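Everything on this sheet refers to the single structure shown next.
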Amino acid sequence: VSPHPKMASRDPRVRNLRIKTGVVRRLAKEKAMYEKEVVDQEAKIESMKAEGKDEYEIKKQVEVLEESKNMVPDCQRRLVGAHGELVAFLETVSDLKATEDYKAAEAILQEVNV
């Protein structure tokens, strides 16, 4: 908690910090979701092949798999950019270190691998 909660909440830098932290958190979740989707889709395709499903259905699922695979590097690229922006922004607002928002930003940077 900030020493002056009312002042910190009015500081536009805090709002910006929250937004940048949220972007990193969202992109990390999005990347993890696509990575999981790739694994799930590969398993589904193998299962369909083992069950002798229609080739057209399998082909459509392979297309879905490729779409998901293509999203992972895109998410990674955006995540690296957002991560870098947040790191740089934290350097400019070191006077906010005592705030929960600053601590939350540091925590998300620790969690996220880029």
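Note that these values count all heavy atoms, side chains included, but never hydrogens, waters or copies made by symmetry. No experiment lies behind these values; they were computed from the predicted model shown.
- Side-chain atoms of N70 come within 3.5 Å of backbone atoms of E66 as a donor-acceptor pair (strictly under, hydrogens ignored).
- A salt bridge links R13 with D95; the closest basic N to acidic carboxylate O contact falls under 4.0 Å.
- A salt bridge does not link E57 with K60: none of the charged nitrogens is closer than 4.0 Å to a carboxylate oxygen.
- Within 6.0 Å of the CD atom in Q110, the count of heavy atoms belonging to other residues, nucleotides or ligands does not exceed 12.
- Going from atom CZ of R18 over to atom CD of E100 covers 10.5 Å, rounded to the nearest 0.5 Å.
- A distance of 4.5 Å separates NZ in K97 from OH in Y102, rounded to the nearest 0.5 Å.
- Cluster annotation: V112 is not connected to V72 through the hydrophobic network of ILVMFWY side chains, with a link wherever side-chain heavy atoms come within less than 4.5 Å.
- In this structure the side chain of E63 reaches within 4.5 angstrom of the side chain of K59, judged on heavy atoms.
- A distance of 15.0 Å separates NZ in K49 from NZ in K53, rounded to the nearest 0.5 Å.
- Using a 4.5 Å heavy-atom cutoff, the side chains of L90 and L109 are in contact.
- A donor-acceptor pair under 3.5 Å is absent between the side-chain atoms of S47 and the main chain of A43, judged by distance alone.
- Across every non-hydrogen atom of Y34 and C75, the tightest pair is CD1-SG, 3.6 Å.
- Here K44 does not pair with D40 in a salt bridge; the nearest charged N to carboxylate O distance is not below 4.0 Å.
- Nearest heavy-atom pair, L79 versus V24, reported as atom, atom and distance to 0.1 Å: CD1-O, 3.7 Å.
- Residue pairs meeting the side-chain hydrogen bond (donor to acceptor under 3.5 Å, both in side chains) criterion with at least one member in residues 74-84, sequence neighbours excluded, are E30-R78, K31-Q76, D74-R77, D74-R78.
- The number of heavy-atom neighbours closer than 6.0 Å to CG of N113, taken from other residues, nucleotides and ligands shown, is 12 or below.
- Side-chain atoms of Q41 and S68 form no donor-acceptor pair, as typed in the model, at a separation below 3.5 Å.
- In this structure, the side chain to side chain contact (heavy atoms under 4.5 Å, CB included) partners of E42, at least two apart in sequence or on a different chain, are V38, L65, K69.
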key: Trace of the side chain to side chain contact (heavy atoms under 4.5 Å, CB included) decision for L17 with L86   = CA-CA 8 Å; L17 179 58; L86 182 56; 3.8 Å; yes
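- What you find for A82 and L27 is that their closest heavy atoms are CB-CD1, 3.8 Å.
- You'll find the side chain of T21 stays beyond 4.5 Å of the side chain of D101, heavy atoms only.
- The closest side-chain heavy-atom distance from T99 to K103 is not below 4.5 Å.
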Intermediate values then yes/no, side chain to side chain contact (heavy atoms under 4.5 Å, CB included), D11 and L96 = CA-CA 10 Å; D11 189 333; L96 298 176; 4.2 Å; yes
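- Looking at E35 and V39, their side chains never come closer than 4.5 Å, going by heavy atoms from C-beta outward.
- Linking ILVMFWY residues whenever their side-chain heavy atoms come closer than 4.5 Å, directly or via other members, leaves V64 and M48 in distinct clusters.
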